[in-house]
Amino acid sequence: QVRPPPTLYLVNVLVLGAGVIGAAIADELARRGASVTVLDMRSPGRGASQASAGILAPYAEAHDRTPLLELGTRSLALFDEFVEGLRDRSGRVVDYARSGTLEVALDDVDESRLRVARAWLDAAGVRAEWLDPQALRSFEPSVAPSARGGLFNPAHGWVGVASLVAALVQSARLAGAVFESPVEAAEVAPQKTGAVVRAGDRRYTADSVILAAGSWSGRIKIAGARPLPIRPVRGQLLHLRWPNAEPPARVVWGPGCYAVPWPDGSLLVGATVEDAGFHEDVTADGLRELTSAVGDLLPGARRASLIAARVGLRPAAPDGLPVIGPLRDAPSVIVATGHYRNGVLLAPLTAKIIAALLLDGTIDQAFAMITPNRFERADP
């Protein structure tokens with residue numbers, strides 16, 4: 001296996017967090033010749049990543065000409081090559097399909113919203129197909145017969161998050177990255193050159209520190225800088241065993257949930273949106289909300305059996321955008337958090353622009369809108 005030529009000087013990087021974002025950054029940096037150590041308070045992929053359905057749907061998550069849409073479409077364009085390279089380097093299977101998403105209207109309000117979405121997609125030159133009730137039932141028979149119509153976007157898809165994170169960690173390790181867990185970073189002390197990280201009674205030094213600890217990023221103290229305004233948003237996800245009827249052929253999105261068909265015929269259903277602090281509990285209310293919503297969307301799901309329920313805390317910033325880039329008061333600390341519902345989608349882009357910044361000195365155009373320093377500008 002041929003490793004790319006290293007940079008002209010060895011860059012020592014400490015990545016705090018081994019979710020999909022931290023693992024993607026570690027892989028990109030290590031493959032480009034940096035010396036990378038990753039610390040995680042649990043183990044790789046055991047935070048928000050474990051409760052992600054892996055949907056890759058920027059045109060459903062964001063609206064016309066918004067920063068989030070720009071970021072999402074840029075990252076989606078990287079995914080085919082991203083997954084193919086990971087499979088080759090790691091030797092692991094990564095579940096991945098670009099089979100599109102189907103957004104379903106169950107009432108007049110849904111129909112109106114989706115028709116507006118179809119109009120701006122048409123104006124933007126994005127291929128999307130509106131399906132009337134008869135065409136919808138033919139296209140996806142599992143959808144509720146009373147549905148008013150649907151919007152199919154063939155560009156979208158999904159990726160198996162567990163297999164993705166495992167392949168990223170394996171690829172990064174093959175390139176020399178070291179993963180340590182459970183290690184919880186408590187404080188980062190920037191120096192004139194580099195930074196020192198305290199984790200319990202241990203000290204780590206690095207040229208640069210990448211703060212990719214998801215919802216816990218705001219809890220890590222950075223000397224001389226204010227805490228990041230990141231809050232956890234709990235998301236519960238169901239894994240269902242589909243009954244004898246044919247399961248959906250693609251991701252189906254309704255007003256109260258989404259459903260992702262798994263290669264083994266099972267179904268992932270998500271996800272609740274709850275301000276519950278750092279409580280990572282599966283709740284009866286969450287199960288009831290999701291089972292009711294998926295039953296309205298896909299009536300066959302009412303006969304499904306429950307395989308598992310998962311929960312994750314998604315990191316959200318006040319304006320809903322990711323928080324990526326160096327801190328003004330601590331430039332050796334680079335933030336990569338706040339991805340909220342789009343961490344998996346934005347992983348390839350986040351890794352590339354951070355590696356380009358650290359190893360090439362390239363300032364991506366996206367930094368202007370996602371910089372962690374934007375919250376200082378919002379102060380009175």
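Bear in mind the structure is a predicted one, so any value in this text is a computation, not a measurement. Start at 1 with the first residue, then count along the sequence.
In terms of heavy atoms, Arg310 sits closest to Gln50 at CD-O, 3.2 Å. Ser217 and Leu228 get closest at one heavy-atom pair: CB-CD1, 4.3 Å. Between Ala195 and Ser332, the shortest heavy-atom distance links the atoms CB-OG, 3.8 Å.
A donor-acceptor contact shorter than 3.5 Å is absent between the side chain of Asp95 and the backbone of Gly160. The closest donor-acceptor contact from the side chain of Ser90 to the backbone of Arg92 lies under 3.5 Å.
Applying the 4.5 Å side-chain rule to ILVMFWY residues, one finds Met41, Trp216, Leu313 in the same cluster as Phe278. Under the 4.5 angstrom side-chain criterion for Ile, Leu, Val, Met, Phe, Trp and Tyr, the cluster partners of Leu102 are Val104, Leu106, Leu131, Leu136, Phe139, Val143, Phe152, Leu238, Leu240, Trp242, Val252, Leu267, Val269, Val282, Leu287, Leu290, Val294, Leu297, Leu298, Leu306, Val311.
When side chains are defined from C-beta on, Lys352 counts as touching Leu78, because their heavy atoms get closer than 4.5 Å.
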task = Carefully, step by step, assess Glu180 and Tyr204 under the rule side chain to side chain donor-acceptor pair (under 3.5 Å).
result = CA-CA 12 Å; Glu180 297 185 19; Tyr204 297 82; 2.7 Å; yes
inquiry  = Determine whether Gln191 and Thr193 satisfy the following criterion, side chain to side chain donor-acceptor pair (under 3.5 Å), listing intermediate values before the conclusion.
reply    = CA-CA 5 Å; Gln191 310 291 308; Thr193 57; over 6 Å; no
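Listed by first and then second residue, the ring-ring contact (aromatic ring centres under 6.0 Å, His included) pairs involving residues 100-125 amount to none (not counting sequence neighbours).
More than 12 heavy atoms of other residues, nucleotides or ligands lie within 6.0 Å of CD1 in Ile307, so this atom counts as buried by the packing criterion.
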